[in-house]
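One-based numbering along the sequence shown. Read the numbers this way: they start at 1 and go in the same order the structure lists the ligands and their atoms.
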Amino acid sequence: MKRKKYIVGNWKMFKTADTAYNDFLILQNHLENKSAFTEQDSLLKSAPFHVGICAPFVFLPQLSDLANNIDIYAQNVFWEKEGAFTGEVSVPMLKSVGVTGSLVAHSERRQYFHETNFTAGKKLKALFENELRAIYCVGESLQERENGHVQSVIKTQLEDALSVCKENLQNAQSTLLSIAYEPVWAIGTGKAATVSDAHDVHVLIRETIAKILGTNIAENTRILYGGSVKPSNAKEFLSDHEIDGALVGGASLNPNEFFKLCMESCM
Ligand code: PGA
């Protein structure tokens, strides 16, 4: 099955209002005029891609208003609908300002904010109940890789979280779930995984999803690679048929560089 390549920028906790909106408009303008950047327009049409941006909460309403064909994601969300949870943001709140969905359990949230597979499951459930999308992040630490535990770590991350939201996803559209495979040791370090290592983990992820959620959802789930993706290596990753896209941190901050990365990866 051919899934459209999906390239998602994660701005993390960078930018202020002026740079956020300005950079976003530069990127959107590039994407709208992309044929002006290449003489291989027909090639581009035959290899289409779609773009998303994960932005800090405060920028989401305005970015959603500005966005024309770019998906806007939160970087986190809380699972309760409403209540006395000072500082949290709910799925209905995100929905009310027009966002596409949310990242769930990015490794920085697992590391600094003690997110677990179980809390990730509750967030996924809340998103799917409201028909919003999720990019669920999984990945092993360096120590887990060195100890040969990659497969068991990834399987547990998927099984624990997806078992919580299984029914909600099975009753919703089959395309609401994306997975980002981000080896923790590759994030922000400049040291990406090899394409062949990423390929093997992506195969495992799709097999595991098929076992938990069935083959239809597994076939419709986009599995992105993340961790030091940049213009110089994006094409290599995205040419692999098991890699449906990329979650890009550092190289998404500059809109010109991010646009270059999108174009290179799909040519
Ligand atoms: P990086 O970050 O591209 O800067 O390695 C990826 C991510 O954290 O999603």
Side-chain angles (χ1 to χ4, degrees), residues 5-15 19-20 23-24 27 49-57 59-60 63 70-77 99-115 120 123-124 133-142 144-145 153-154 157-158 161 177-195 197-198 201-202 205 221-238 240 243-266:
K5 298 284 180 186
Y6 200 30
I7 306 175
V8 181
N10 175 13
W11 284 354
K12 307 194 180 188
M13 199 179 73
F14 288 99
K15 300 187 193 291
T19 51
D23 290 350
F24 184 80
L27 173 66
F49 59 92
H50 197 72
V51 171
I53 291 290
C54 308
F57 284 131
F59 306 140
L60 294 175
L63 290 180
I70 297 181
D71 294 338
I72 303 297
Y73 284 86
Q75 298 173 359
N76 181 33
V77 68
V99 308
T100 310
S102 181
L103 286 182
V104 172
H106 185 279
S107 71
E108 286 147 17
R109 295 213 57 86
R110 291 180 188 265
Q111 187 181 350
Y112 303 123
F113 305 98
H114 314 296
E115 293 214 12
K123 293 178 180 195
L124 294 171
R133 293 208 197 165
I135 302 177
Y136 176 44
C137 304
V138 298
E140 80 286 356
S141 66
L142 187 57
E144 287 162 341
R145 174 162 283 267
V153 167
I154 303 292
Q157 288 173 335
L158 291 170
L177 175 68
S178 297
I179 303 287
Y181 167 55
E182 300 202 301
V184 178
W185 47 270
I187 296 178
T189 58
K191 188 175 180 291
T194 64
V195 176
D197 284 343
V201 177
H202 283 223
I205 291 173
T221 298
R222 283 186 287 203
I223 306 176
L224 319 180
Y225 168 76
S228 297
V229 178
K230 39 196 177 229
S232 58
N233 64 11
K235 186 183 163 81
E236 221 189 315
F237 281 106
L238 276 98
D240 187 291
I243 301 180
D244 301 320
L247 183 58
V248 184
S252 73
L253 293 174
N254 177 316
N256 300 317
E257 189 186 2
F258 186 52
F259 175 67
K260 187 161 175 244
L261 184 157
C262 295
M263 295 296 282
E264 305 242 331
S265 56
C266 296

Report task. Name all residues meeting the side-chain contact (heavy atoms from CB on, under 4.5 Å) criterion together with S102; count only those two or more places apart in sequence or in a different chain, and write none if there are none. Result ->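 Residues passing side-chain contact (heavy atoms from CB on, under 4.5 Å) with S102: A74, V77, L94, L127.
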
Query raised in the report: If you look only at pairs with a residue in residues 243-262, which of them pass as a side chain to side chain donor-acceptor pair (under 3.5 Å), with sequence neighbours excluded?
Result: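 Non-adjacent pairs meeting side chain to side chain donor-acceptor pair (under 3.5 Å): R3-D244, H30-N256, R206-D244.
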
Check ligand 1 for N or O atoms under 3.5 Å from a protein N or O and list each pair with its distance.
unit_1, atom_1, unit_2, atom_2, d
ligand 1, 2 (O), K12, NZ, 3.4
ligand 1, 3 (O), G249, N, 2.8
ligand 1, 4 (O), G250, N, 2.9
ligand 1, 5 (O), G188, N, 2.6
ligand 1, 5 (O), S228, N, 2.8
ligand 1, 8 (O), K12, NZ, 2.7
ligand 1, 8 (O), H106, NE2, 2.7
ligand 1, 9 (O), H106, NE2, 3.2
ligand 1, 9 (O), E182, OE1, 3.3
ligand 1, 9 (O), E182, OE2, 2.7

Query raised in the report: Who passes side-chain hydrogen bond (donor to acceptor under 3.5 Å, both in side chains) against E144, sequence neighbours left out?
Result: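 With neighbours one apart ignored, the set is S141.
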
**Report entry** Parallel, tilted or perpendicular, as decided by the 30° and 60° cut-offs, for the rings of Y225 and H202
**Finding:**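 Answer is tilted, since the angle falls between 30° and 60°.
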
Report task. Using atom types as modelled and distance alone, determine if a side-chain donor or acceptor of Q75 lies under 3.5 Å from a backbone N or O of K12. Result ->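 Yes; judged by distance alone, with no hydrogens or angles, the pair exists.
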
Query raised in the report: If you take all heavy atoms of I72 and V99, which pair is closest and at what distance?
Result: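 Smallest heavy-atom distance, with atoms named: O-CB, 3.4 Å.
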
